[in-house]
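Excluded from the calculations below are hydrogen atoms, water molecules and symmetry mates; all remaining heavy atoms, backbone and side chain alike, are included. To find a chain, count down the sequence lines: A is the first, B the second, and so on, and within it residues start at 1.
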Amino acid sequence: MFNKRIRIKELLAMEPQGQEVTVMGWVRTFRNNQFIALNDGSTNNNLQVVVELGSQGEELLKRITTSASMKVTGMIVPSLGKGQKMDLKAAHIEILGDSDAEKYPLQPKKHSLEFLREIAHLRFRTNTFGSVFRVRHALAFAIHKFFNEKGFVYMHTPIITASDAEGAGEMFRVSTLPFDQTPRNDKGEVDFKQDFFGRATNLTVSGQLEGELGATAFGEIYTFGPTFRAENSNTARHLAEFWMIEPEMAFYDLEDNMNLAEEFIQYIIRYAMENNREDLEFLAQRLADEEKQLPQDKRSEMGLLEKLDFVLNNGFERLTYTDAIEIRKESNHNKKKKFQYPITGWGMDLQSEHERYLVEKHFKKPVILYNYPAAIKAFYMRQNEDCAPGQPTVAAMDILAPGIGEIVGGSQREERLSKLEDRMKEIGIPLEELWWYLDTRRYGTVPHAGFGLGFERMVQFVTGMTNIRDVIAFPRTPGSAEF
RNA sequence: UCCUCCUUAGCUCAGUUGGUUAGAGCAUCUGACUGUUAAUCAGAGGGUCGUUGGUUCAAGUCCAACAGGGGGAGCCA
């Protein structure tokens, strides 16, 4: 019978009055041949198990090593020591699994995140990753809760897709053809007619186009699933496999879209603040300690909890691409020629140093940029009509978060068939490949909008982890797919 | 992919202008102690200095290539 155990988080919330309980967990440290710090993953707080002198045999004591797993039954009593509220006086200890202390790589000391990344299968057993992944869970749960409360339908869009016309980046091919002897057609090209699906297929880079099909039937839908990009990106904010949330809403314009995105982000942050306070406090302390080693000008002005509170209470700054260019052009930063990439004028794509200046120096809070030049955005974004002469824009919006950069990318979609077709022809996307997508514009088209939120970037923002590889359990990056 | 920095014990890191036997803290092991808090005290074991090649009488130290990792950039979420 294992299910009689009580979780340590629950136990620590009780008043110790000699109750008999059973706990199970893993040893963090064993001090003085007498005190076991036991952790079961429910919280970073360890339960102090007290082994009375002489109550257990030498053989058993020797097996109480770091990360050995055990079942302990005993009485909880107020602790005589100072560091904790209660002790579990062990009446019976059963080692469930031994752990060779000489080989076990985690020690009761600080480890670098880089080292822990190399033992990603064990890093959940540390306080930092325990907190990160409990917060990750809370955010994922809050996302479903938010959309469910708003009446959105959770839609599972395909992982394997045949369209490569979405233009969202390099794709991973999905194939069962033999690598060493790929069948060829008359022209000498690989003959995908003989492949599993009878055509070339890839892992999805976005569920958006399929999401629009759902939105034009259910009204509001969202997706939350894995996404794959075969880009050779080596940064602290890119993964080859990541999770993305993509709501898509009929009868929404760009402003509705921005309102939803802002409300959504605040909602899930608030959920984590209310339900994972201890973990966030731990992560805030961790970040503060880490930043102590940085030079003054590289440190954040606000602590993690302050930052999250600020985001909940202050809303996001909204401004158009055109205004953003002006602000930066007029900034002292630009006049002093401190940008590596100078602001050349309207139409240029924003470099990440420009985004960072705007978010971290000028406004010091999340910023929503909207109405971007059409030339630097995707084909499906709605073409604005009231543009300045020679400056065509689309109803796109990006949310930029301090320290992370782009966390949301979205737009109102082009619902007018002829405009959409014209744009596709203009940039060379074959209409016949997306016939099913265009059908939504043929049969009862409606104004609609949506966005994509990078889940790992959101987790980074909330946990303060600076490398995206530390907020996903098993990161996939170029040259790296262990575990 | 580009720029840049790093790679010395299980971990974190010292190692002087190139010079004889490469060090520390923590961890591990052995013993002591027993209300500890990353316990403490004493002792012990633990190294192909990332790999390969080069310069030199002599390379952990200088040079090159490669590998792995960090930071930044591009692409983006």
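- What separates NZ of A:Lys85 from C1' of B:U36 is a distance of 20 Å, to the nearest Å.
- As the counterpart of B:G23, B:C13 is assigned, both hydrogen-bonding distances of the Watson-Crick or G-U wobble pattern falling under 3.5 Å.
- Under the Watson-Crick and G-U wobble criteria, each requiring two contacts below 3.5 Å, nucleotide B:U51 is paired to B:A65.
- Mapped onto RNA chain B by nearest heavy atom, A:Tyr341 and A:Gly452 fall at different nucleotides, with A:Tyr341 at the one closer to the 5' end.
- In this entry the distance linking CD1 of A:Ile399 with C1' of B:C76 reads 15 Å, nearest Å.
- As the counterpart of B:A44, B:U28 is assigned, both hydrogen-bonding distances of the Watson-Crick or G-U wobble pattern falling under 3.5 Å.
- A:Lys103 comes within contact range of no nucleotide atom at all, as no heavy-atom separation falls under 4.0 Å.
- Note on A:Ser206: every side-chain N or O is 4.0 Å or more away from OP1 and OP2 of B:A77.
- Across all strands shown, A:Phe228 has no heavy atoms under 4.0 Å from either base or sugar-phosphate atoms.
- In terms of polar N and O atoms assigned as donor or acceptor, the side chain of A:Ser233 comes within less than 3.5 Å of the base of B:C75 in a complementary pairing.
- In this model, the phosphate group of B:U36 is not approached by any side-chain N or O of A:Arg28 to a distance below 4.0 Å at OP1 or OP2.
- Comparing the C1' positions of B:G47 and B:U8 gives a spacing of 8 Å, expressed to the nearest Å.
- Looking at the side chain of A:Ser352, the nearest of the listed nucleotides B:C76, B:G70, B:A73 is B:A73.
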- Starting at the 5' end of nucleotides 27-35 of chain B, put B wherever the base has a protein heavy atom under 4.0 Å, S where only the sugar-phosphate does, and a dash everywhere else. SSS----BB
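- Between B:U48 and B:U7, the two C1' atoms lie 15 Å apart (nearest whole Å).
- When the side-chain nitrogen and oxygen atoms of A:Asn467 are compared with OP1 and OP2 of B:G71, one or more of them lie within a distance under 4.0 Å.
- Under the stacking definition used here (centres under 5.5 Å, planes under 30°), the residue A:Phe242 qualifies as stacked on the base of B:A77.
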- Message: Pair A:Ile143, A:Phe264 - check side chain to side chain contact (heavy atoms under 4.5 Å, CB included), show working.
- Response: CA-CA 8 Å; A:Ile143 285 163; A:Phe264 169 58; 3.8 Å; yes
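- Taking 4.0 angstrom as the limit, A:Arg469 places a side-chain polar atom (N or O) nearer than this to OP1 or OP2 of B:G70.
- Heavy atoms of A:Thr235 sit under 4.0 angstrom from at least one base atom.
- Note on A:Arg237: a side-chain N or O is less than 4.0 Å away from OP1 or OP2 of B:A73.
- B:G60 makes up no base pair with any nucleotide shown, lacking Watson-Crick or G-U wobble contacts both under 3.5 Å.
- The gap from the C1' atom of B:C11 to that of B:G46 amounts to 13 Å, rounded to the nearest Å.
- On a pure distance criterion of 3.5 Å, no polar donor-acceptor pair joins the side chain of A:His111 and the base of B:C11.
- Ranking B:G72, B:U12, B:G69 by closeness to the A:Ser112 side chain, first place goes to B:U12.
- Base pairing analysis places B:A73 opposite B:U1; the two distances defining the Watson-Crick or G-U wobble pair are each below 3.5 Å.
- In terms of position along RNA chain B, the nucleotide closest to A:Pro478 lies nearer the 5' end than the nucleotide closest to the other residue of the pair A:Ala236 and A:Pro478.
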